[in-house]
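Single-structure report; data block below.
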Amino acid sequence: IPDLGHKYYLQFPPPPYRTGENAGSCLATVLYPRKKSPPVVSIRCSHTKDKNEIQEENNRLYQRIRQQTKPITGSNIPDSYGNIEPALEPAWALAVAGSSFIMWEKSTEDPPPPLAQVKSVKQWMRKDDFIEFDYTVLLHEMPTQEMISCHMRLTWLPGHPLKVKHFCAPKQHRLEEGSGLGSGSAA
């Protein structure tokens, strides 16, 4: 679009993080402005699962985390063989959801860096119903093969927007501040 930027129309299936089942179809419009600013993204998805089924999955994930007697902590998720301990799967699911906010914010017309690994995760025990985690995640920048280290604080309660605050260290090791706030499904 002259004087504005490049606009893309995409159709894709939302990739389920675990099962590989057909999760529906999404249509997205992405505008990358000529000036240095985040892309403008509009996404509409039709799911093969109805909203009640998605909410039930979110509630099961939430209950699994809330039933822990000790805070969830871990490192190197997945391990060097691609394995994730079953006890750490809920933390991984939330890391995937939270890192997607970072990816959108850092995206350019080159592919955004996907989540490569959770270097560390620690759950914070709260007195309210929200779940809160601190993560150090590695995002894999494809063109340069660089690993971008980000600290991410994630807060979630089913039926509420996922809240993500993050700080990423670029090549020069300066800290860059950013945050994301949006609704989504952790399951």
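- Once rounded to the nearest 0.5 Å, the distance linking CG of Leu115 with CE of Met152 reads 7.0 Å.
- The shortest non-hydrogen separation linking Ala97 to Phe101 is O-CD1, 3.6 Å.
- In this structure, the side chains of Leu94 and Ile65 come closer than 4.5 Å at one or more pairs of heavy atoms.
- How far OG of Ser100 is from CD1 of Ile102: 8.5 Å, rounded to the nearest 0.5 Å.
- Minimum heavy-atom separation, Leu31 to Gly5: CD1-C, 4.3 Å.
- Among all heavy-atom pairs drawn from Ala169 and Ile148, the shortest one is O-CG2, 4.1 Å.
- Cluster membership check: Leu138 does not share its hydrophobic cluster with Leu88, using side-chain heavy-atom separations under 4.5 Å among Ile, Leu, Val, Met, Phe, Trp and Tyr.
- Heavy atoms of other residues, nucleotides or ligands lying less than 6.0 angstrom from CZ of Arg66 number more than 12.
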Exercise. Would you please test Asp79 and Glu85 for side chain to side chain contact (heavy atoms under 4.5 Å, CB included) and show each step?
Key: CA-CA 9 Å; Asp79 64 18; Glu85 292 178 37; over 6 Å; no
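- The backbone N or O of Ala91 sits less than 3.5 Å from a side-chain atom of Tyr135, completing a donor-acceptor pair.
- A chain of hydrophobic side-chain contacts below 4.5 Å, direct or via other Ile, Leu, Val, Met, Phe, Trp or Tyr residues, connects Ile43 to Leu10.
- There is a path of hydrophobic side-chain contacts, each under 4.5 Å, that joins Tyr32 to Val41.
- With Ile72 as the partner, the side-chain contact (heavy atoms from CB on, under 4.5 Å) test is satisfied by one option alone out of Gln123, Arg64, Lys122: Gln123.
- More than 12 heavy atoms of other shown residues, nucleotides or ligands fall within 6.0 angstrom of atom CD in Gln68.
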Quiz prompt | Test side chain to side chain contact (heavy atoms under 4.5 Å, CB included) applied to Val137 and His166, step by step | solution = CA-CA 10 Å; Val137 296; His166 68 276; over 6 Å; no
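- Grouping the Ile, Leu, Val, Met, Phe, Trp and Tyr side chains by contacts below 4.5 angstrom, directly or via other members, places Leu154 with Phe130.
- Phe133 is not listed as a side-chain neighbour of Val118, based on a closest heavy-atom distance of 4.5 Å or more.
- Once rounded to the nearest 0.5 Å, the distance linking CD of Glu146 with NE2 of His140 reads 9.5 Å.
- Note: Asp128 CG to Thr155 OG1 = 9.0 Å, rounded to the nearest 0.5 Å.
- Residues Pro158 and Asn59 share a closest heavy-atom pair of CB-OD1, 3.4 Å.
- Nearest heavy atoms, Ala116 versus Pro78: O-CD, 4.0 Å.
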Quiz item: Between Asp134 and Val121, is a side chain to side chain contact (heavy atoms under 4.5 Å, CB included) present by the stated rule, with each step listed?
Solution: CA-CA 6 Å; Asp134 265 338; Val121 60; over 6 Å; no
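- From Met147, atom CE reaches atom SG of Cys150 across 11.5 Å, with rounding to the nearest 0.5 Å.
- Atom OG of Ser99 sits about 12.5 Å away from atom CD of Gln117, to the nearest 0.5 Å.
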Quiz prompt | Verdict with supporting geometry, Arg153 and Trp124, side chain to side chain contact (heavy atoms under 4.5 Å, CB included) | solution = CA-CA 10 Å; Arg153 169 78 54 107; Trp124 291 97; 3.5 Å; yes
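- Residues Asp129 and Leu157 share a closest heavy-atom pair of O-CD1, 3.4 Å.
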